[in-house]
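Below is one structure; the comments refer to it alone.
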Amino acid sequence: MKIMSFKQQKIGKNTVEPESKMSRQADPRRWKALALLSLAQFLIIMDTSIIGVALPAIQQQFSFSQSELQWIFSAYVIVFGALLLLGGRLSDILGQRRIFIIGFAILTVASIIAGLASSGNVLIAARALQGVGAALIAPSAMSILMNLFTIPSERNKAMGFWGAAAPAGGTAGVFLGGIITAYVDWTWVFLINVPIGIAVLALSRSLIPQGTRQKGRVDYLGAISITGALILLVYAIVTANDAGWTSLQTVSLLSTSAALLGAFTIIQKRSREPLMPLRIFKTPNLLASNIVMALLGAAWIPMWFFLNLYLQQVQGYGAFESGLALLPMTAAIMVLMIGASSKLIRRLGVKNSLVAGLGLLAVAMLMFVATPSTKGSFATHVLPASIIAAGGMSLAYIPALMSAVSHAKKDESGLASGIVNTSYQVGSALGLAIMVAIASAQTLSDGNNGIPSMDALNNGFHLAFITAAVVAAISAIVAFVAIKKPNADGEKKEEEEKEVIVSPG
């Protein structure tokens with residue numbers, strides 16, 4: 001009897017194939033494919049934030065009111081989040097590479113329309129169309145990655161690269177948006193996608209495998225009901241500050257959203273091929289991980305949103321200077337996710353890394369409450385909290401993804417990734433809408449006859465940071481209580497596999 005690696009395969013009756021030959025069965029294009037998938041992830045998250053510092057220029061160009069202006073951001077995020085479930089299902093049925101390519105084609109065309117938009121309504125519609133493309137790209141890309149990298153050690157490393165692309169794209173979008181707006185023209189915050197999109201489309205067929213496909217039909221009725229429910233929910237929250245939280249409009253929108261969500265649940269129970277089989281939530285960690293991911297988005301996105309406003313509106317930074325101030329956080333996320341996070345996940349485990357990362361995020365957000373309304377020091381009041389926030393995000397984001405999809409069946413990986421990405425985007429949109437409302441109410445309350453002072457404005461930002469810290473802390477508690485250690489917990493699974501005894505006959 002001989003102890004051999006689990007990855008050694010028995011051939012015939014008494015022979016085994018060495019592990020080195022087995023490892024060669026892995027797709028040789030996988031690391032190049034990973035680079036392309038990471039670029040896609042970077043781009044679709046960057047599109048969430050790159051328009052931030054360009055909004056004043058857009059407002060002046062199209063004479064937007066404040067409530068109209070917010071839809072430049074919200075149209076993309078809402079459609080992106082609402083259609084991710086459909087994107088995940090389509091990638092499972094039609095093939096991941098096909099949906100990935102279709103998504104990038106839509107995103108590229110929509111970016112051209114947005115950059116050349118002749119009216120505000122065309123621009124908002126183009127942003128919504130960008131969201132459609134992103135909703136097809138995100139779940140198909142993650143499903144491709146999970147299918148390409150099946151060895152735990154390689155998957156952890158790949159997830160490090162791919163995971164770093166998301167928060168780095170969100171933060172880099174602010175920096176790049178500042179440079180483009182200050183030195184080129186705001187239209188290029190959209191047109192910058194075009195050459196990248198063309199390059200991705202040109203390389204996709206040669207670098208990305210076709211992917212798995214399963215027979216089935218798309219549950220369009222379910223897709224319409226859940227999409228409508230999510231869009232109305234976010235729309236109700238976004239507009240409640242102007243319409244009133246107890247107004248007929250807000251109450252009607254929320255009631256309709258709840259009714260559509262109930263209809264979606266009934267449809268999923270009765271459908272033979274549902275968009276989101278409710279049994280998938282019996283998958284270990286999936287439900288808890290999605291709650292954690294939604295809360296993570298609800299804390300992270302408002303944090304950088306209000307930090308950017310603080311730098312520009314309180315400290316008087318220009319668009320370029322504000323983006324430059326956020327560069328250390330971007331660099332720290334990239335370095336930590338690529339260089340350290342996979343090692344820490346193996347050492348601490350997925351669950352412990354997740355809880356620690358969320359705890360660090362909460363601490364960083366509380367540190368931002370110390371930012372002064374008078375001239376503050378970047379090195380004292382912004383940089384330390386930014387680096388700690390980057391460390392928290394680096395530790396939390398990848399484990400949240402891993403715990404959500406690690407137990408999913410291979411033919412449901414697209415669906416699982418669609419659900420977890422939906423949670424993050426919808427959580428981001430809801431969290432931002434709620435915290436903008438909270439900050440605005442605090443600023444108006446502290447203002448002088450409706451005219452906010454610098455102190456009043458900063459007090460509103462501080463309350464938003466405190467709220468974000470509470471959300472991050474709640475997410476850490478949920479992760480600690482509800483998430484069980486995944487089977488793919490770093491190297492532990494691989495070590496267990498190596499101890500399987502294979503008899504030569």
Side-chain angles (χ1 to χ4, degrees), residues 38 41-42 44-46 48-49 52 138 142 156 159-175 289-308 325-345 348 350-368 382-404 420-421 423-425 427-428 431-432 435 464-465 467-480 483:
S38 298
Q41 178 77 340
F42 181 92
I44 62 178
I45 301 301
M46 185 184 73
T48 306
S49 62
M142 187 172 182
N156 285 349
M159 289 292 288
F161 282 96
W162 190 82
T171 309
V174 178
F175 175 64
S289 298
N290 275 272
I291 294 173
V292 168
M293 187 61 88
L295 293 172
L296 176 60
W300 175 259
I301 295 299
M303 184 208 72
W304 70 254
F305 179 85
F306 283 104
L307 180 58
N308 184 50
L326 294 172
L327 186 58
M329 184 159 57
T330 303
I333 289 173
M334 295 292 292
V335 170
L336 291 172
M337 278 197 173
I338 295 173
S341 62
S342 62
K343 295 179 182 178
L344 286 171
I345 291 171
L348 300 177
V350 171
K351 178 177 178 176
N352 292 337
S353 298
L354 177 56
V355 173
L358 292 168
L360 284 176
L361 273 180
V363 170
M365 291 165 187
L366 287 177
M367 290 175 66
F368 282 125
V382 177
L383 182 60
S386 297
I387 298 301
I388 292 174
M393 190 61 167
S394 300
L395 277 176
Y397 188 81
I398 297 173
L401 288 174
M402 291 176 68
S403 63
V420 72
N421 277 286
S423 298
Y424 183 81
Q425 294 302 325
S428 300
L432 181 58
M435 290 182 207
F465 287 133
T467 307
V470 171
V471 171
I474 292 173
S475 185
I477 293 171
V478 172
F480 180 77
I483 291 182

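Every heavy atom of this structure was used, including side-chain atoms; hydrogens, water molecules and symmetry mates were not. Position 1 is the first residue of the sequence; numbering continues from there.
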Can you name the nearest heavy-atom pair linking [X] to [Y], along with the distance?
X: A479; Y: K351; answer: O-CE, 3.5 Å
X: A389; Y: W300; answer: O-CZ3, 3.7 Å
X: S394; Y: L336; answer: OG-CB, 3.5 Å
X: A473; Y: A362; answer: N-CB, 4.1 Å
X: I333; Y: A390; answer: CG1-CB, 3.6 Å
X: I483; Y: S403; answer: CD1-OG, 4.1 Å

A side-chain contact here means heavy atoms from C-beta on lying under 4.5 Å apart; do [X] and [Y] qualify?
X: I301; Y: Y424; value: yes
X: S289; Y: V420; value: no
X: L326; Y: W304; value: no
X: M293; Y: L401; value: yes
X: L295; Y: L358; value: no
X: L348; Y: P399; value: no
X: L361; Y: L296; value: yes
X: P302; Y: F465; value: no

Is there a donor-acceptor contact under 3.5 Å from the side chain of S475 to the main chain of V292?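 A pair under 3.5 Å: yes.
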I398 side, atom CD1; M393 side, atom CE - distance, nearest 0.5 Å: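 Here the rounded value is 10.0 Å.
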To the nearest 0.5 Å, tell me how far T467 OG1 sits from M303 CE.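 Here the interatomic distance stands at 14.5 Å.
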With sequence neighbours left out, what residues match A298 under side chain to side chain contact (heavy atoms under 4.5 Å, CB included)?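 Partners of A298 under the side chain to side chain contact (heavy atoms under 4.5 Å, CB included) test: V471.
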Applying side-chain hydrogen bond (donor to acceptor under 3.5 Å, both in side chains), can you list everything that pairs with S423, at least two apart in sequence or on another chain?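 Scan of S423 (side-chain hydrogen bond (donor to acceptor under 3.5 Å, both in side chains), adjacent residues dropped) gives N290.
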